[in-house]
Protein chains: 2
Amino acid sequence: MNGNKTHIGTSPATGFVSSYLLYLLAAASEAASKQFHLRVREMGLRIPEWRVMACLHDQDGLMITQLAHYALMEQSRITRIIDQMVTRGLVVRHNDTVDGRRVRIYLTDEGQALSSELVKAAKAHELQLLKGLSSDDARNIKPALQALLSSLEDIADLD
Amino acid sequence: MNGNKTHIGTSPATGFVSSYLLYLLAAASEAASKQFHLRVREMGLRIPEWRVMACLHDQDGLMITQLAHYALMEQSRITRIIDQMVTRGLVVRHNDTVDGRRVRIYLTDEGQALSSELVKAAKAHELQLLKGLSSDDARNIKPALQALLSSLEDIADLD
DNA sequence: GCAAACTATATGAAAATACATATAATCATA
DNA sequence: TATGATTATATGTATTTTCATATAGTTTGC
């Protein structure tokens, strides 16, 4: 109601940072996730747990290493997150039958239910985000991000 | 040379996650930053320190709270990062003359030198990233991210 | 079938981060 | 000008995250 509260813009209006690609990516990622992440926490999950759930929703029975890769986290961190999720009854560990080193993670019934619900909410939220953009921007943003990602994967494959 | 090493894609090829906007944003942000962040650490800085330096490069003398906002970090974290940067001689704290609660942060000469060098490197790296994209994607990506950001700021202003 | 190299996961310990709250300065106003 | 509300920063503490490395299973080459 009042305009008193000093409004601090997202970044200094002018200067390097505010139009720096890596800043825009980080800021957009954070800002866009903010509302949905609130929702995730309301459902009693932490963000890393939600990421694991989303991956398992797509493909149940992933290995620790694969989860680390897909969920953009370090292996030892995934191991501990899985520990907690097992305790909470969201997932179970099973040893791979052919390679005893591998541990495959499966959603429990409760985990399935929760992940389905959250994925549904995530899709709805994504639509909301895209509706806030011009049709041009809405059309362009994902392809641009995917192009950036794939150009970087190419580089990573050069080893 | 060999194709033996199992190639793990960035995310399950199919399914929800791999084309989910929030995933693409987080993954693109992480992947795009990766190389440059290596460089930052080679220069002896941690990533949060670099972010602070970049903000101060744009606008020296920012307050703790402003730094937290611009550098996408929590206030108490900024306070401790500044502690370390002061110890390292990269910045100094000065009390604001008109409002004694405020603490303004200024780059030292060493901090200025380092931030200039890193900003130059960041700009060069950004050009490299954009060169890896089609001209369409390169042209579209920043406006799309900025549009997303500003659409979200509008929402945040509704309180 | 054994040793060495490799891969997958787990774990110990240090460091970073978040969350709640303390401290201190300013502001509004009666 | 005292009081309560507000703002800016700092700090205590618990939790999370990282980093290095341990453990255990597998593969390769002899």
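Order of the sequence lines fixes the chain letters, A, B, ..., with proteins taken first and strands second; residue numbering starts at 1 for each chain.
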Summary of protein contacts for nucleotides 15-25 of chain C, nucleotide by nucleotide, where a base hit scores B, a sugar-phosphate-only hit scores S (4.0 Å, heavy atoms) | -SSBB-----B

For [X] and [N], what is the distance between atoms [atom1] and [atom2] respectively, to the nearest whole Å?
{"X": "B:Met63", "N": "C:dT26", "atom1": "CE", "atom2": "C1'", "answer": "12 Å"}
{"X": "A:Ile105", "N": "C:dA10", "atom1": "CD1", "atom2": "C1'", "answer": "12 Å"}
{"X": "A:Leu67", "N": "C:dA10", "atom1": "CG", "atom2": "P", "answer": "11 Å"}
{"X": "B:Arg93", "N": "D:dT9", "atom1": "CZ", "atom2": "P", "answer": "10 Å"}
{"X": "A:Arg102", "N": "C:dC6", "atom1": "CZ", "atom2": "C1'", "answer": "13 Å"}
{"X": "A:His69", "N": "C:dT7", "atom1": "NE2", "atom2": "C1'", "answer": "17 Å"}

Does the pair B:Glu74/B:Arg77 count as a salt bridge with the N-to-O cut at 4.0 Å?
-> no

Can you tell me if [X] uses its side chain to pair, donor with acceptor, with the backbone of [Y] under 3.5 Å?
{"X": "B:Thr108", "Y": "B:Gly89", "answer": "yes"}
{"X": "A:Asp58", "Y": "B:Phe16", "answer": "yes"}
{"X": "B:Glu126", "Y": "A:Leu21", "answer": "yes"}

What salt bridge (charged side-chain N to carboxylate O under 4.0 Å, His left out) pairs are there with at least one residue in residues 79-93 of chain B, not counting sequence neighbours?
-> B:Asp83-B:Arg93

Determine the contact category for A:Arg104: base if any of its heavy atoms lies under 4.0 Å from a base atom, sugar-phosphate if only primed atoms, P, OP1 or OP2 are that close, otherwise nothing.
-> nothing

side-chain contact (heavy atoms from CB on, under 4.5 Å) between B:Leu145 and B:Leu25, worked out | CA-CA 9 Å; B:Leu145 293 169; B:Leu25 286 165; 3.6 Å; yes

